[in-house]
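Right, one structure below, let's go through it.
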Amino acid sequence: MDKSFEPRQIESKWYARWEASGDFRPTGHGVPYSILLPPPNVTGTLHMGHAFQQTVMDMLTRYHHMRGCNTLWQVGTDHAGIATQKIVENQLAVEGKTRHDLGREPFIERVWQWKEESGSTITNQMRRLGVAADWSRERFTMDEGLSSAVRKVFIDWYRAGLIYRGNRLVNWDPVLGTAVSDLEVNNVERDGHMWSIRYLTADGSDSLVVATTRPETMLGDVAVAVHPDDERYRHLIGKQLHLPLTGREIPIIADDYVDKDFGTGCVKITPAHDFNDYAIGQRHNLTPIDIFTLDAKVNDNAPEKYRGLDRYEARKAVLADLEASGLLVETKPHKLQVPVSQRSDAVIEPMLTDQWFVDLTSDVQKDGRPGGRKAITEPALDAVRSGEIKFVPDNWSTTYTQWLDNIQDWCISRQLWWGHRIPAWYDEAGNIFVGDDEADARAHAGTTPVGALRQDDDVLDTWFSSALWPFSTMGWPANGPVKNEKGEIVANWENDKVFLPSAVLVTGFDIIFFWVARMVMATKYFTGLAPFREVYINAIVRDAEGQKMSKSKGNTLDPLDLIDGIEREPLVEKSTKSLLIPQVREKVEKRIRKDYPDGIPAIGTDALRFTFAALASYSRTINFDIKRAEGYKAFCNKLWNAARFVLMNLPEGEIPAPAGAPVTEAERWILTRLKQTLVEVEQYFVTYRFDLLAQTLYEFTWNEYCDWFLELSKPALNGDDSAAVASTRHTLLVVLETVLRALHPLIPFITEEIWQAVGPKLGLSSASNLLQRPWPDAASIPTDDAASAEIEWFKNVLSGVRRIRAEMNIAPGKTIPLLLADGDANDRLRVAKFATQISFLARVEAPQWIESGANEPSAAAAVVGSLRVLIPLEGLIDLAAEKARLAKEIGRIETEIKKCEGKLGNANFVANAPAEVVTQERQRITDWNVQLSALREQAQKLG
RNA sequence: GGAUGCUUAGCUCAGCGGUAGAGCGUCGCCCUUACAAGGCGAGGGUCGUAGGUUCGAUCCCUACAGCAUCCACCA
């Protein structure tokens, strides 16, 4: 083994071997354990959130594989409709073209081409992370198998009356030219104005004032609403108003929705461009008047002078005209929430359009069949309420159920080209025909089409296909094997349905609604099964200061840069490449030069993974600090060097297991601790406490195995007790091999590399991967509490001597005398037993006992129980300093004793506290007193 | 308006009824033959505030303050 750990060299070789070995595929035996990868955008790149999430999934997959489960990590990618189409449209824009210049078919061809070029980027990045995913089953949401599942779901739901087409008010993105769902709209606070406009009654005798943040929409007003109980306006209800600038007359209506105390108490009603107004319009049978084209320009329903104006130009024009006619009463600044499209940043315009919806809200259909609430929504709610699906942490189930309780119908049609085209056709009379293809659609229609059929131009929401991921990837609905383009079998429902429900879904809270809920709905409906048993909601990765990572802040980190390292200037270049605004660019440049004056050091995949594990508590966010990652790289190095130490202390060839029990106390102690560690680790896997899991293994490896056991093994290995030598060698090896297995799910590369050298020493074949070794069996590891107590004693003695040496500034290399006084019979036995270890590790001469009554030289002391461990002061130690040290220690113990006495002196405590707590307290006070008298005696001896 | 979190050492976070912990940072002393990406040692906290429950509260309850996120929103 090389002198230090070089991640780059070892990582490059292992992944290819793992993947080729077929070890990532299900074994076909054992309890099924499957995980679904949330399919990333096919043309995307790996970000920190992915890396974190995938590390978690990989730890779980590898752990269960080692436990003998029939493990499947189902991977694949998502076509990501809007995002992918936009990228290709941007590419076209560079050539000065739009998708319409190309036409639908050539454009889609071009998107496929882009998918072919960039589709493997993210999957190759995943490989760099070391994921134990079954790539032979990799799927794409638009491959044939998954597309046929999409069609079948659409058709089945349509035929069950659960998908309908309707003219509804939807969130319209005027830049992308498509409807988007409620979830794809963010409300952003912006500075705007509140304008008050006077509307005169038709007869001119009276007037009222409406308040609005969107004056241009008055062109589509169909009424003004007031509260029915509002004394100010009661006399006007039912009268007609003259709508300024339009020549139209509109009624004054009464509706509870209006808040008397807000604004003027009068609300203009524009049903075609506002969701609340739409609802009011429906209640009062008002016909909406839409005034915008699909690109948000004023249409022909408005007076001629405004036609063709963009909505914001129209606003200016309308305000100017109102002002001119004296109807603009007031303009004041106002903060308002503006709906913004997540994908394009465009301000959403509610628009009346024909769209497809999944019914999620009706109880019963007109013909008596169950409606969407009964058939789809409630089963999804029940799955979580009944505990069939469990959220981790549990409070996310509240978020889930509250959303489903208030759900709206799901708008599933998108006016895009890239995606699953809706399997619906229209005849010339507007009748709808739904089917797998045109022939199927005709065959299933109750009527004969009038004229030719034309397929719907729209595609389905990307999340529609994602919702089917749990079962579509398992081969549903095909009968028999599903093959990929190369003719290889990727799924077979008959066999693969054992992987449903999957064990756990690892995902971010941000897609609970988009994806998690919809998977539950679709999977429950079509298979009767839950898609997963648990949903582990992972934290969001932030930067070291807790700021959200964003390109415009320049605080994003590329996981690959952490793995491989990157110099400062290339990092600056890379981070500013896509920033177009000069000020932002400059700011980011500055920040990076400041944060990474030397670039980013290469920490390797294992250290990155370990960092993610160590940060993964139940907290909602994790702040990623490179410093922390560097610390875990040091841990990898520590493990590496521990392995080197063990291997260089072993003779050639296999190391046979000694016949009897381990010879030394140190061995029996480290095995005891190993067992406890494994038991804890298993618990942490069950509860998804990867932070505690990582910490437990870190502490065992570093603070116990390396700091104590390796050190204790040195005198044993150098001693002349050949049984102890043989036994210690074997235990060093066995514990190391076990730790490698326990750490493998977290840090697969380095453990594999080391194991290949360690395994053969135990007679294990290096031909197989570490993943194929069983998870350590804690139950078979022997424990020895007596040995553990002896080692604890030893650690106290040694630490005591070290403390004296450090505080008295005794050179570490200097061998000094060691005297012992008082103590009990046990101490005598232990000193005799550990004499060599004490001398070796504390750098002291052979310990000498001072019999009671004999003269003691003045000395510095460490007290362990009643035993006084003495370092003679002569020539070494500052007497005053030692007195001060003792006084401080005595003071500390006196405080502790006072606390104990306080408790035990309280009759209520003794009467009410559990017996074992009282006993424990009494024991403590006894122990403290033993130590105190030893310290006092020492102080007295010093004078 | 509804919901959910968070507030513990300089920083980032565990702990959650019975001796306050870790990593990083800080301060000493050491290149001791596995490891200076290291070793040994030290310092550092009235656990947001105020009440309550309890023999006992960082931990449970209530209120308040501050911070954060999600959902729904008044034109």
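In the text below, chain A, chain B and the rest are named by the order of the sequence lines, each starting its count at 1.
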Quick one: the dot-bracket string of RNA chain B, using Watson-Crick and G-U wobble pairs with both distances under 3.5 Å, [ ] for crossing pairs and | for bases paired to another strand. ((((((((.[[[[.)..(..]]]].(((((.......))))).....[[[[[..)....]]]]])))))))....

Does [X] put a side-chain nitrogen or oxygen below 4.0 Å from OP1 or OP2 of [N]?
X: A/Arg803; N: B/C40; answer: no
X: A/Lys888; N: B/G43; answer: yes
X: A/Asn623; N: B/C13; answer: yes
X: A/Trp702; N: B/G39; answer: yes
X: A/Asn912; N: B/C55; answer: yes
X: A/Lys899; N: B/G56; answer: no
X: A/Arg885; N: B/A42; answer: no
X: A/Lys714; N: B/A34; answer: yes

Side chain of [X] only, please: which of [options] is the nearest?
X: A/Lys903; options: B/C40, B/U19, B/C29; result: B/U19
X: A/Ser617; options: B/A14, B/A75, B/A37; result: B/A14
X: A/Val258; options: B/A37, B/A75, B/U69; result: B/A75
X: A/Leu692; options: B/A14, B/C55, B/A75; result: B/A14

Can you tell me, in whole Å, how much space there is between the C1' of B/C30 and that of B/U46?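 The same atom, C1', in both gives a distance of 37 Å.
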
Say we look at B/G44 and B/G10: how far apart would their C1' atoms be, to the nearest angstrom?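 About 9 Å, rounded to a whole number of Å.
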
Find which nucleotide of RNA chain B each of A/Asn703 and A/Phe275 is nearest to by heavy atoms, and output the residue with the more 5' nucleotide.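 Mapping each residue to its closest nucleotide by heavy atoms, the 5'-most match is A/Asn703.
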
Mapping A/Phe645 and A/Lys633 onto RNA chain B by nearest heavy atom, which one lands closer to the 5' end?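 Here A/Phe645 is the residue nearer the 5' end.
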
Students often get this wrong, so: under 4.0 angstrom with heavy atoms, is [X] touching a base, only sugar-phosphate, or nothing?
X: A/Arg892; result: nothing
X: A/Glu807; result: sugar-phosphate
X: A/His227; result: nothing
X: A/Asp707; result: sugar-phosphate
X: A/Asn395; result: sugar-phosphate

Can you confirm whether A/Lys898 is buried at NZ, in the sense that more than 12 heavy atoms of other residues, nucleotides or ligands lie under 6.0 Å from that atom?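 Check fails, neighbour count at 12 or below.
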
Is it true that A/Arg802 and A/Asp707 have a side-chain N and a carboxylate O under 4.0 angstrom from each other?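 No salt bridge links A/Arg802 with A/Asp707.
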
Nucleotide B/C35, atom P - distance to CG of A/Leu647 in whole Å: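 Value for this atom pair: 14 Å.
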
For A/Ile600 and B/A37, what is the distance between atoms CD1 and P respectively, to the nearest whole Å?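 So the CD1-P distance, A/Ile600 to B/A37, works out to 20 Å.
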
Parallel, tilted or perpendicular for [X] and [Y], by the 30°/60° rule?
X: A/Trp396; Y: A/Phe509; result: parallel
X: A/Phe52; Y: A/Phe612; result: tilted
X: A/Tyr705; Y: A/Phe700; result: parallel

Classify the side chain of A/Gln402 and the base of B/A72 as holding, or not holding, a donor-acceptor pair under 3.5 Å.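 Donor-acceptor pair under 3.5 Å: no.
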
Taking only residues two or more places apart in sequence, or in another chain, which ones meet A/Pro333 in a side-chain contact (heavy atoms from CB on, under 4.5 Å)?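 A/Pro333: no side-chain contact (heavy atoms from CB on, under 4.5 Å) contacts found.
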
Do A/Arg689 and A/Tyr618 meet the cation-pi criteria used here (NZ or CZ under 6.0 Å from the six-membered ring centre, within 45° of the axis)?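 Here A/Arg689 passes the 6.0 Å and 45° test against A/Tyr618.
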
Does anything in residues 218-229 of chain A form a side chain to side chain donor-acceptor pair (under 3.5 Å)? List the pairs, not counting sequence neighbours.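 As it turns out, the side chain to side chain donor-acceptor pair (under 3.5 Å) pairs with a partner in residues 218-229 of chain A, which skip direct neighbours, are A/Tyr199-A/Asp221, A/Asp221-A/Lys268, A/Asp221-A/Thr270.
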
